[in-house]
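Below you'll find the structure, written out as structure tokens, and then a few comments.
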Amino acid sequence: MNKKLFFSLLFVIILLTGCGKRADDKSTLVVGASNIPHAEILAHVKPMLAKEGIDLKVKVFQDYVMPNKATESEDLDANYFQHKPFLDNWDKQNNGDLISVGNVHLEPIGVYSKRVKRLTDLKKGSTVLVSNSISDYGRVLTIFKDAGLITLKKGTDVATANFNDIQTNKLQLNFKHTYEPKLMSDLYANDEGAAVVINANYAVEAGLNPMKQAISLESNTSSYANLVAVTPKNKNNPAIKKLVEALQSKDTQKWILTKYKGAVIPAK
């Protein structure tokens, strides 16, 4: 082969290889999230990831079902909207294999009422509205148990408890739990129950301040941390690891505390 032709071809190969490498260095990460606070927190870390060569794209969902389905089908690289009990239950019910790659924050679930100022002020026979999110039932029951309004059957595992596990019900409260989580703030606004249990993200989205307006708030020692979920094949994805590092960074933790004033707190 002519030396001049050989070196020309070699230069072209090197050039094409170099171009391919630069393209690979810029990776896109698509993450599904609830609007508030998850998508807002992701927006905060977007510039951090950009410095690492990662283009973070956030797809906002208004429900608790589609983000996991989209992650399983690989339409999303990851999602950030749920806690571990919810994820475990979803995997069980849907034969899924999604896993957590890191906790980010806690959203204390709260009880709201337009009729009473304290949980213990509820009248006998009052109706308490709860969402149909099974993984939150233990959290709700714990709030009422800690207030001295109910007791649970001996041996009950709070993580998997439901309303059939109530042993005594001091005020004969009627727990109705058939509603979509996103509807709870509307039920509260319309005063459709003596008390309404609302997840913090939907409460904040509705303009409520959990720290000031909830008549009872989940303890900050709760283990229900919101996490980043992925498929097993994405567990060691470098971009996913950078995402978790950014979400768990001191900068992000400080920003969360400032932004949400205790309604959302960093996970330990």
Side-chain angles (χ1 to χ4, degrees), residues 32-42 61 63-65 67-68 71 78-94 96 98-112 119 128-147 150 152 156-163 165-166 175 177 179-182 184-185 195-205 208 210-211 214-230 244 247-248 252-253 256-257 259-268:
S34 297
N35 189 20
I36 299 174
H38 307 78
E40 292 180 337
I41 296 173
L42 288 170
F61 290 83
D63 69 277
Y64 287 171
V65 177
N68 278 339
T71 305
N79 68 56
Y80 168 40
F81 77 97
Q82 65 195 318
H83 50 61
K84 189 67 163 53
F86 183 93
L87 175 61
D88 289 345
N89 184 68
W90 192 89
D91 276 343
K92 182 179 179 180
Q93 295 295 324
N94 296 276
L98 296 181
I99 59 174
S100 168
V101 288
N103 295 334
V104 182
H105 75 269
L106 295 171
E107 297 176 29
I109 200 167
V111 184
Y112 298 78
L119 199 60
V128 179
L129 307 185
V130 182
S131 83
N132 59 9
S133 180
I134 297 173
S135 61
D136 284 335
Y137 290 172
R139 304 170 73 184
V140 177
L141 291 169
T142 298
I143 291 176
F144 284 83
K145 179 175 71 69
D146 290 348
I150 65 169
L152 300 178
T156 297
D157 180 359
V158 175
T160 57
N162 60 54
F163 295 94
D165 292 313
I166 295 175
F175 292 95
H177 43 89
Y179 309 95
E180 289 293 324
K182 62 185 177 181
M184 303 313 294
S185 55
V196 182
V197 182
I198 310 176
N199 289 83
N201 61 319
Y202 287 121
V204 172
E205 193 168 342
L208 298 171
M211 298 296 289
I215 62 171
S216 187
L217 200 61
E218 183 179 20
S219 169
N220 60 7
T221 60
S222 170
S223 60
Y224 287 76
N226 280 225
L227 52 83
V228 176
V230 300
V244 175
L247 289 170
Q248 294 178 337
T252 303
Q253 291 180 354
I256 287 174
L257 288 171
K259 170 74 173 178
Y260 299 107
K261 299 178 174 60
V264 180
I265 58 178
K268 295 182 179 180

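Position 1 is the first residue of the sequence; numbering continues from there.
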Quiz item: About how many Å separate CG of N226 and CZ of F86, when rounded to the nearest 0.5 Å?
Solution: 10.5 Å
Practice problem: I would like to know whether N201 and F81 meet side-chain contact (heavy atoms from CB on, under 4.5 Å); could you show each step before the answer? | Solution: CA-CA 9 Å; N201 61 319; F81 77 97; over 6 Å; no
Quiz item: Do the non-hydrogen side-chain atoms of I265 and I256 ever get within less than 4.5 Å of each other?
Solution: no
Quiz item: Rounded to the nearest 0.5 Å, what separation is found between the CD1 atom of I166 and the CZ atom of F175?
Solution: 4.5 Å
Quiz item: How far does CG of D91 sit from CG of L98, to the nearest 0.5 angstrom?
Solution: 5.0 Å
Quiz item: How many angstroms lie between atom CG of L106 and atom NE2 of H83, to the nearest 0.5 angstrom?
Solution: 10.5 Å
Quiz prompt | N132 side chain near P181 side chain, heavy-atom distance below 4.5 Å | solution = yes
Practice problem: Give the minimum heavy-atom separation between V130 and Y179, together with the two atoms involved. | Solution: O-CD1, 3.5 Å
Quiz prompt | From CA spacing to verdict: side-chain contact (heavy atoms from CB on, under 4.5 Å), Y64, S34 | solution = CA-CA 8 Å; Y64 287 171; S34 297; 4.1 Å; yes
Quiz prompt | Closest non-hydrogen atom pair between S100 and N103, with its separation | solution = OG-OD1, 4.3 Å
Self-check item: Non-hydrogen atoms of P37 and E107 that approach each other most closely
Solution: CD-OE2, 3.4 Å
Quiz prompt | For S185, side chain to side chain contact (heavy atoms under 4.5 Å, CB included) partners two or more places apart | solution = I198, A206
Exercise. Name all residues meeting the side chain to side chain donor-acceptor pair (under 3.5 Å) criterion together with N68; count only those two or more places apart in sequence or in a different chain, and write none if there are none.
Key: N79, Q82
Self-check item: side chain to side chain contact (heavy atoms under 4.5 Å, CB included) involving V204 - partner list, sequence neighbours excluded
Solution: I36, P210, A263
Quiz prompt | Heavy-atom side-chain proximity of S131 to V197 below 4.5 angstrom | solution = no
Quiz item: Can we call the ring centroids of F61 and H38 under 6.0 Å apart?
Solution: no
Quiz item: What is the distance from atom NE2 of H105 to atom OH of Y80, rounded to the nearest 0.5 Å?
Solution: 4.0 Å
Exercise. For T71 and P67, indicate whether the former's side chain and the latter's backbone hold a donor-acceptor pair under 3.5 Å.
Key: yes
Quiz prompt | Side chain proximity check, V230 to I99, heavy atoms < 4.5 angstrom | solution = yes
Self-check item: Any residue meeting side chain to side chain donor-acceptor pair (under 3.5 Å) with K84, in chain and number order, not counting sequence neighbours
Solution: D88
Self-check item: Minimal non-hydrogen separation, G110 against A214, with atom names
Solution: CA-CB, 4.4 Å
Self-check item: Minimum heavy-atom distance V158-Y224, with the two atoms named
Solution: O-OH, 4.3 Å
Exercise. Can you measure from CG (L152) to OG1 (T142) and round to the nearest 0.5 angstrom?
Key: 7.0 Å
Practice problem: Please name all residues satisfying ring-ring contact (aromatic ring centres under 6.0 Å, His included) with Y137, sequence neighbours left out, ordered by chain then number. | Solution: F163, H177
Practice problem: Kindly give the heavy-atom pair with the smallest separation between V244 and G102, and that separation in Å. | Solution: CG1-CA, 4.3 Å
Quiz item: Can you find a heavy atom in the side chain of T160 that is under 4.5 Å from one in the side chain of I134?
Solution: no
Self-check item: Set of side chain to side chain donor-acceptor pair (under 3.5 Å) partners for E40, sequence neighbours left out
Solution: Y260
Practice problem: Flag the pair M184 / L129 as yes when at least one side-chain heavy-atom distance between them is below 4.5 Å, and no otherwise. | Solution: yes
Quiz prompt | Side-chain donor or acceptor of D63 paired with backbone N/O of V65 under 3.5 Å | solution = yes
